[in-house]
Amino acid sequence: MGLRIGDKAPNFEIETTQGKIDFHDWAKGSWVFFFSHPADYTPVCTTEMGRTAQLAPEFEKRNVKPLGLSTDTVDAHKGWINDVNDTQNTLLEFPIVADQERKVAELYDMIHPGESQTATVRSVFIIDPDQKIRLTMTYPMTVGRNFAEILRVIDALQTTDSQEVACPADWVPGDRVIIRPTVSEEDAQKKFPQGYETLRPYLRLTDINK
Ligand code: BEZ
């Protein structure tokens with residue numbers, strides 16, 4: 001069975017473009033955007049790697065470390081990074097795991113044989129600083145991921161970790177949030193002195209930006 005949200009992210013030691021890492025040591029204290037791609041020197045993957053590199057300041061601002069993975073070698077990754085930098089007009093500075101033996105790919109269930117027998121699909125794991133898996137997403141070979149959504153869900157998780165709120169459909173930072181139904185009226189009045197709108201007793205909206 002694959003990994004589920006709420007599970008501890010399994011540890012591994014492996015070679016990357018920035019040397020050997022022990023995943024838990026490398027991730028310590030940070031959120032992690034851990035993502036696999038099918039293969040180096042392929043077009044969609046090139047754009048995804050470029051986008052991740054371009055967004056480095058956005059990941060940094062959120063205390064998130066990106067970590068890529070495919071079953072290609074360190075040498076292949078390093079050659080391809082030059083192409084990513086040239087074609088996507090960026091400087092890729094995060095590590096990419098070289099998982100030729102598919103050790104981590106199997107541990108994280110990144111090979112979906114109905115899609116490809118050998119290549120990793122486009123898996124995403126958002127892992128928190130307690131090394132708990134908080135979100136998983138899986139995209140097919142032919143569709144690149146939406147990086148606005150990746151940043152949005154990190155913002156939403158960080159928001160809902162810091163206050164007793166939840167984020168409604170299509171929430172983006174700045175929008176109103178939902179006061180969790182487990183918060184009593186008495187507590188809600190104390191915790192949200194800015195006030196809130198009650199549409200139903202279980203659906204109370206508040207503006208945490210005030
Ligand atoms: C791509 O990144 O363009 C790609 C990789 C594997 C299969 C199809 C497309």
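Side-chain atoms of Arg62 come within 3.5 Å of backbone N or O of Glu58 as a donor-acceptor pair. Judged purely by atom type and a 3.5 angstrom limit, Asp7 uses its side chain to pair as donor or acceptor with the backbone of Arg4. For Arg176 (side chain) and Cys167 (main-chain N/O), no donor-acceptor pair under 3.5 Å exists by modelled atom type. In this structure, the side chain of Asn85 does not engage the main chain of Asn82 through any donor-acceptor pair within 3.5 Å. Under the 3.5 Å distance criterion, the side-chain polar atoms of Ser30 are left unmatched by any main-chain donor or acceptor of Val32. Using modelled atom types, one side-chain atom of His24 and one backbone atom of Ala9 make a donor-acceptor pair closer than 3.5 Å. The backbone N or O of Gln18 sits less than 3.5 Å from a side-chain atom of Thr16, completing a donor-acceptor pair. With hydrogens and angles ignored, the 3.5 Å screen pairs no side-chain donor or acceptor of Ser70 with any backbone N or O of His37. Looking at Gln194, its side chain does come within 3.5 Å of a backbone N or O of Asp207 through a donor-acceptor pair. The backbone N or O of Ile179 lies less than 3.5 Å from no partner atom in the side chain of Tyr196, so there is not a single donor-acceptor pair.
Of the N and O atoms on the side chains of Thr159 and Trp171, not one donor lies less than 3.5 Å from an acceptor on the other residue.
For residues 123-135, the pairs satisfying salt bridge (charged side-chain N to carboxylate O under 4.0 Å, His left out) are Asp128-Arg134, Arg134-Asp161, with sequence neighbours left out. Applying the salt bridge (charged side-chain N to carboxylate O under 4.0 Å, His left out) test to residues at least two apart or on different chains, none of the pairs has a partner in residues 78-103. Screening residues 25-51 for salt bridge (charged side-chain N to carboxylate O under 4.0 Å, His left out), with sequence neighbours left out, gives Glu48-Arg122, Glu48-Arg145.
Scanning all heavy atoms of the two residues, the minimum distance from Pro95 to Pro66 falls at CD-O, 3.8 Å. Contact between Pro173 and Asp155 at its shortest, heavy atoms only, is CG-OD2, 3.4 Å.
Within 6.0 Å of CG in Asn209 there are more than 12 heavy atoms belonging to other residues, nucleotides or ligands. Counted within 6.0 Å of CG on Leu91, heavy atoms from surrounding residues, nucleotides or ligands total more than 12; the atom is thus considered enclosed.
Under the 4.5 Å side-chain criterion, counting only non-hydrogen atoms from C-beta, Val177 is in contact with Thr206. With a 4.5 Å cut-off on side-chain heavy atoms, Ile178 and Arg204 do not count as touching. Considering only heavy atoms from C-beta on, Met137 stays 4.5 Å or farther from Phe35 through its side chain. Side-chain contact check for Phe94 versus Phe59: every heavy-atom pair is 4.5 Å or farther apart. A heavy-atom distance below 4.5 Å is not found between the side chains of Leu107 and Leu3. Contact of the Thr71 side chain with the Gln100 side chain is not registered, since no non-hydrogen atoms from C-beta on lie closer than 4.5 Å.
The structure places OG of Ser116 at 4.0 Å from CE of Met141, a figure rounded to the nearest 0.5 Å. Note that NE2 of His77 and CG of Leu92 are 10.5 Å apart. Values are rounded to the nearest 0.5 Å. Atoms OG and CD1, on Ser36 and Ile96 in that order, are 12.0 Å from each other to the nearest 0.5 Å. In this structure, CG in Leu69 is found 9.0 Å from OG in Ser123, a value given to the nearest 0.5 Å. Between the CG atom in Leu135 and the CD1 atom in Ile150 there is a gap of 9.0 Å [rounded to 0.5 Å].
For Gln88, there are no side-chain hydrogen bond (donor to acceptor under 3.5 Å, both in side chains) partners at least two apart in sequence or on another chain. Here Pro129 pairs with Trp31 under the side chain to side chain contact (heavy atoms under 4.5 Å, CB included) rule; sequence neighbours left out. Residues passing the side chain to side chain contact (heavy atoms under 4.5 Å, CB included) test with Asp75 are Thr73, sequence neighbours excluded.
Aromatic pair Phe147/Tyr139: centroids not less than 6.0 angstrom apart. When ring centroids are compared, Phe34 and Phe23 come within the 6.0 Å threshold.
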Checking salt bridge (charged side-chain N to carboxylate O under 4.0 Å, His left out) for the pair Lys65/Glu60: CA distance, chi angles, key distance, verdict? CA-CA 7 Å; Lys65 288 169 112 174; Glu60 171 119 39; over 6 Å; no
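When the options Thr46, Thr42, Asp72 are evaluated for a side chain to side chain donor-acceptor pair (under 3.5 Å) with Trp80, the one that passes is Thr46. Lys191 pairs with exactly one of Glu186, Glu185, Glu164 by the salt bridge (charged side-chain N to carboxylate O under 4.0 Å, His left out) rule, that one being Glu164.
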